Each structure stands twice: as structure tokens, then as C-alpha cells.
Amino acid sequence: MYDEDKTMKNNQGTSGTGEYRYTGPFYQDNYTDRQTTHNSYTSASSFGEVKRPKKKRWLSLIAKTICVAMIFGVVASAAFQATNYIGGKVLGQEEPVEDGKEKEEGITTMLPTTEPSTISGGNVADYSSNVSAIVDKCMPSLVAITNVSVAEVPNYWGFWNGGSMQQEQTSTGTGIIIGMNDTELLVVTNNHVIANAKALTVVFSVDEGKEEAEAVAARIKGADESKDLAVIAVNLADIPDTTMSSIKVASIGDSSSLKVGEQVVAIGNALGYGQSVTTGIVSALGRNVTLQNDDGSSITNSLIQTDAAINPGNSGGALLNMQGEVIGINEAKYSYSGVEGMGYAIPISDVESIISDLSLRTTREKVPEANLGFLGVTCQDVPSDVSQQFDMPRGIYVSSVTEGSGADKAGIRKGDIITKFDRINVTTYEELKEQLSYFSAGETVEIVVQSPDGAEYVEKTLQVTLSSRSEASK
């Protein structure tokens, strides 16, 4: 029996109890025997030992017993068939219909039939052929993502800088091609795959294994931390013509029509080796899973549970139905000694509108601190427990507003709760600061607030022109 009060941490966390973990990014720096290219491989012994069952001295006895049982079965079967034949002749019963033939008179036997799959490559009953056909169709829609980021790590050699130091690290994840505009190819992935990115690159699955294959630079188009989603963009001009002619935009399915027990296929950049395929079924729907981020914040979402293997590096990859449609974005797994086959994916139908909003955003670079836009509010988070206890919207509570700031001029007031910034859901002050880091002073951004009106809150959409700190202080 398991205690329901489980520790929830990301893939860097450790705990003696079970934990939900992001299945990415996969930190290549954790493995000294790995190269950082997408096509490198390591022997299985680097990651674990394959255990074989021990031989038993009584194995020969079992074999003898099985042989005796088989002989008895053959004799009994022959006697049974002979009895049926003689009885049929005596009582006037007819012989059974042969497979594929109908009786000329009387009630006929309905023979089992197989209908062709919607994916070429075999019948529905031919599961292995189906999976192969799905992979052929969908693999060109997948990319491997490499994130070079900077992290705070403990400093064991001194006490300056609070006992920590900055260190560059490389991690890998997966993305799904969802569309393009006039200048960019758009790829959806998990926010935790691209978080804190200093540089992002992608390798298209159609290029894996090619000697001339090169990683292509990508930029963050938009992210929604509360749903663990992000859209990144690759300039079309940077994609070689041969690659462009081979890649495909993924087909999107309907996750709301899923049923428990349906077969699914997962594709992702597991352990940074390149795209790999696993299969399974939908184990459960609507599982509420809480995941903890590196900054200590946590998110809770309703996810698809599957027993298809979801491993580090799979994050952002595709969970597919047997029509080759994306019905989920792989995100997490449950990790505990003795627990197997508990992977989780974001239902695609729940987040289509969010992905669409992220795709329409202007692709931005982070703004130098000297040019950053200033909103002009002091805030505190409204976590879920406070939201429920006091019947308040989940978001960022405005404690004060700087006079003359963009927030003040747009009509944001003390007591308002900010819920969206530039059409992106924000639930913590850290999320708000992250979004602000892409906007310069003088730019106008759409902000949604919930304003108290008696016992209720009224939603307002405001256009806020960000000022500089110096302008707001005048």
C-alpha cells in the first residue's frame, strides 16, 4: 500500500518516496561516457545490468512432466473427436462448416473478418505492421531539441556568491512540428525542455544518421509555464532544401474521444540518442499530476496515463493514436522502486487554443536589462489553496501600483489579480517576470486582470504601454 502524500519533484530531484518526474530535459552532462551529438550511442552496461533468471535443478523434472501431459492430451483429444463423429452419424447431426464456406441451407456461421487500417501497412490485427506504418508517417514531424542553459550549482570551494556558482549545462528533449508561417517553422514542446535557454538548436528526425546533418538554431516564440507548453521557431531560411522537402507537419487528433485501453505509440528523443519508438495503451484518463519545477514552484494538470515507455528526453514528444494523429504531448513519468509503466502526456485537445495563441506571438529575444520594460506593480502569488479558501481567482495579486507607471495609466489597481500577460496564462510572479523579460520600454502589451466588484471579480482586458523605471519615477 502506497502513501498518497507522495513527493513530487522534477527529473533532477531525489527522494526516498515515489515522485512524478518530468521526462526531460535529459541532461547530457550527467553522463561522462556520452558525447553530446544526437547520433552517439553508449553500451547498455552504462545504464544498468540485464538480469537473467537463475537455473533450477528441478528444471528437468518440469520438462518430463510437460511431455507426459502432452501425450495424455493428444490421446484424449483423439478419443473426443472420434466420439463426436460417431455420435453425429448416429443422431443425424451435420458436420461443421469449413472456414470460409457457407451452408447451402439453414443458419450459417458468421466468420470473423478484419477491416483494413486507416494507416497503410496491414490490417488492424497486424499491430506490428500498423506501428511501422505510423512511424513512417509521423517520424518526419519530430525534432530533437538541444538546450544550452546556465544553472546555479553548489560551490564547495568557497562561500562567496551564497555558496553557489553558475555553470553551463546541455540538455535534450523533443518537439513536434505543428505548422509554419511566411518565415518560420513552428515546433511545440514542453516549457521545461526550453526553460532558461541560452541557446536552442534542433535536429530534424529526417536528418538523423546523415553525416552532413547539422543542428539548426531555434528561438522561443512563446511559453505557458502553467501548462508546461512552449512553441519554438526555426527560420525557414536556415533549413536546407533537402530537409525542407522531407519534413511534415503533424496531424492533430482528438484526445477528448480517447478510451481507456486504446493502443498508442510514443516517439521521442529518449536519452538524447535520437528518436525512438515505444508502444502501449491508454492506461487512464484525467489523472491529476503535480510536478515541481527547479525554482520550487509546482503545476498540476489533468493528464493521459500510458504504459508506453516515457523516458528522459521524451518530453515534448508525440503520443499518437493508431491513425497516426498526435493525441498527447509526452511530459512525465511516475518514478518509484517497483513501479513500471506509468507515463503521462498532456491531452492535445485541452491545449490546442493555448498552442495556437503561442504560435501567433511575435518571436522575441530577451531584452537587455537596461532596456527592459517596467510594469510598475508589486505583487504576490495567489496559490491554489488560497484561491479555494477565499474564493479568489488564481493568479498574481497586485499589492501596490507605482504612480505614473504603465500599469497605473492603463487602470490596474491595488487588489486586482493579473491572470494573463500577452495572452499567456500567468499564475506566479516568477512567470510574470519571465514574460516581461522579452519586452522593451515603450512596447504595448495586453494584460488581463480580475478586478474585485463587491463579492465577485470582473475580468478586464487592458492595453498597457510599458515605461522605463526612470520614466515611472518622475
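Here the structure is a predicted model, which is why all the values come from computation and not from measurement.
A donor-acceptor pair under 3.5 Å is absent between the side-chain atoms of Asn147 and the main chain of Ser171, judged by distance alone. The closest donor-acceptor contact from the side chain of Gln305 to the backbone of Val282 lies at 3.5 Å or more, if one exists at all. For Gln388 (side chain) and Asp385 (main-chain N/O), no donor-acceptor pair under 3.5 Å exists by modelled atom type. Side-chain N or O atoms of Thr278 include none that pairs as donor or acceptor with a backbone N or O of Ala308 at under 3.5 Å. In this structure, the side chain of Asp307 engages the main chain of Ile281 through a donor-acceptor pair within 3.5 Å. In this structure, Asp224 contributes its side chain and Ser226 its backbone to a donor-acceptor pair below 3.5 Å. Using a distance-only test at 3.5 Å, with no hydrogens or angles considered, no donor-acceptor pair links the side chain of Asp381 to the main chain of Pro383. Without hydrogens or angle criteria, Ser141 side chain to Lys248 main chain gives a donor-acceptor distance under 3.5 Å. Although no hydrogens or angles enter the test, the distance criterion places no donor-acceptor pair under 3.5 Å between the side chain of Asn301 and the main chain of Leu303. Here the side chain of Asn269 pairs a donor or acceptor atom with the backbone of Gly173 at under 3.5 angstrom.
Counting only heavy atoms from C-beta outward, the side chains of Ile329 and Ile355 approach each other to under 4.5 Å. Residues Leu436 and Tyr438 have side chains not in contact (no heavy-atom distance under 4.5 Å, counting atoms from C-beta outward). Within the 4.5 Å cutoff, side-chain heavy atoms of Leu142 are placed close to those of Thr174. Looking at heavy atoms from C-beta onward, Lys137 lies in side-chain contact with Ser251 at the 4.5 angstrom threshold. Looking at heavy atoms from C-beta onward, Met342 lies out of side-chain contact with Ser283 at the 4.5 angstrom threshold. The closest side-chain heavy-atom distance from Lys221 to Asn181 is below 4.5 Å. Using a 4.5 Å heavy-atom cutoff, the side chains of Ile177 and Leu185 are in contact. The closest side-chain heavy-atom distance from Asn330 to Tyr344 is not below 4.5 Å.
Scored by the ring-ring contact (aromatic ring centres under 6.0 Å, His included) test, Tyr429 finds no partners at all (sequence neighbours excluded).
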Self-check item: Residues Ser349, Asp254; criterion side chain to side chain donor-acceptor pair (under 3.5 Å); working and verdict
Solution: CA-CA 6 Å; Ser349 299; Asp254 180 11; 3.2 Å; yes
Exercise. Go through the steps to decide whether Glu331 and Leu291 satisfy the test side chain to side chain contact (heavy atoms under 4.5 Å, CB included), and finish with yes or no.
Key: CA-CA 10 Å; Glu331 180 184 32; Leu291 293 155; 3.8 Å; yes
Quiz item: Which is it for Leu200 and Arg219 under the side chain to side chain contact (heavy atoms under 4.5 Å, CB included) test, yes or no, and what are the steps along the way?
Solution: CA-CA 6 Å; Leu200 285 175; Arg219 294 184 296 169; over 6 Å; no
Quiz item: Please walk me through it: do Val143 and Ser205 pass side chain to side chain contact (heavy atoms under 4.5 Å, CB included)?
Solution: CA-CA 5 Å; Val143 303; Ser205 61; over 6 Å; no
Self-check item: Residues Thr170, Thr146; criterion side chain to side chain contact (heavy atoms under 4.5 Å, CB included); working and verdict
Solution: CA-CA 7 Å; Thr170 301; Thr146 298; 3.6 Å; yes
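Side chain to side chain, Ser440 and Asn371 fail the donor-acceptor criterion of an N or O pair below 3.5 Å. A donor and an acceptor atom, one from each side chain of Thr279 and Gln263, are nowhere located under 3.5 Å apart.
Taking the six-membered ring where the residue is Trp, the centroids of Phe421 and Phe439 are separated by under 6.0 Å.
Smallest separation of non-hydrogen atoms from Val135 and Pro140: O-CD, 4.3 Å. The shortest non-hydrogen separation linking Ser255 to Ile348 is OG-N, 3.4 Å. Contact record, Asp228 with Ile346: O-CD1, 3.9 Å, taken as the closest heavy-atom pair. Of all non-hydrogen atoms in Leu466 and Gly373, the two that sit nearest each other are CB-CA, 3.9 Å. The minimum heavy-atom distance linking Ile327 with Val264 is given by the pair CD1-CG1, 4.2 Å. Smallest separation of non-hydrogen atoms from Leu229 and Ile354: CD1-CG2, 4.1 Å.
Within the structure, salt bridge (charged side-chain N to carboxylate O under 4.0 Å, His left out) contacts touching residues 337-363 (residues at least two apart or in different chains) are Arg361-Asp422.
For the atom pair CD1 of Ile145 and OG1 of Thr189, the computed distance is 3.5 Å after rounding to the nearest 0.5 Å. Ile418 contributes atom CD1, which lies 12.0 Å from atom CD of Glu431 (distance to the nearest 0.5 angstrom). How far CZ of Arg364 is from CD1 of Ile220: 13.0 Å, rounded to the nearest 0.5 Å. One distance of note links OG1 of Thr461 with CZ of Arg423; it measures 11.5 Å at 0.5 Å rounding. Going from atom CD1 of Ile310 over to atom CG of Leu319 covers 6.0 Å, rounded to the nearest 0.5 Å. Summarising the geometry, atom CD belonging to Glu262 is positioned 5.0 Å from atom CG belonging to Leu258; distances are rounded to the nearest 0.5 Å.
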Just distance, no hydrogens or angles: give the donor-acceptor pairs under 3.5 Å from side chains in residues 230-244, sequence neighbours left out.
residue : atom : partner : partner atom : Å
Thr243  : OG1  : Asp207  : OD1          : 3.1
Thr243  : OG1  : Asp207  : OD2          : 2.8

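Put simply, the residue from Thr427, Ile396, Ile424, Ile447 that forms a side-chain contact (heavy atoms from CB on, under 4.5 Å) with Leu432 is Ile396.
In this structure, Lys420 places its NZ atom where only 12 or fewer heavy-atom neighbours from other residues, nucleotides or ligands lie under 6.0 Å away.
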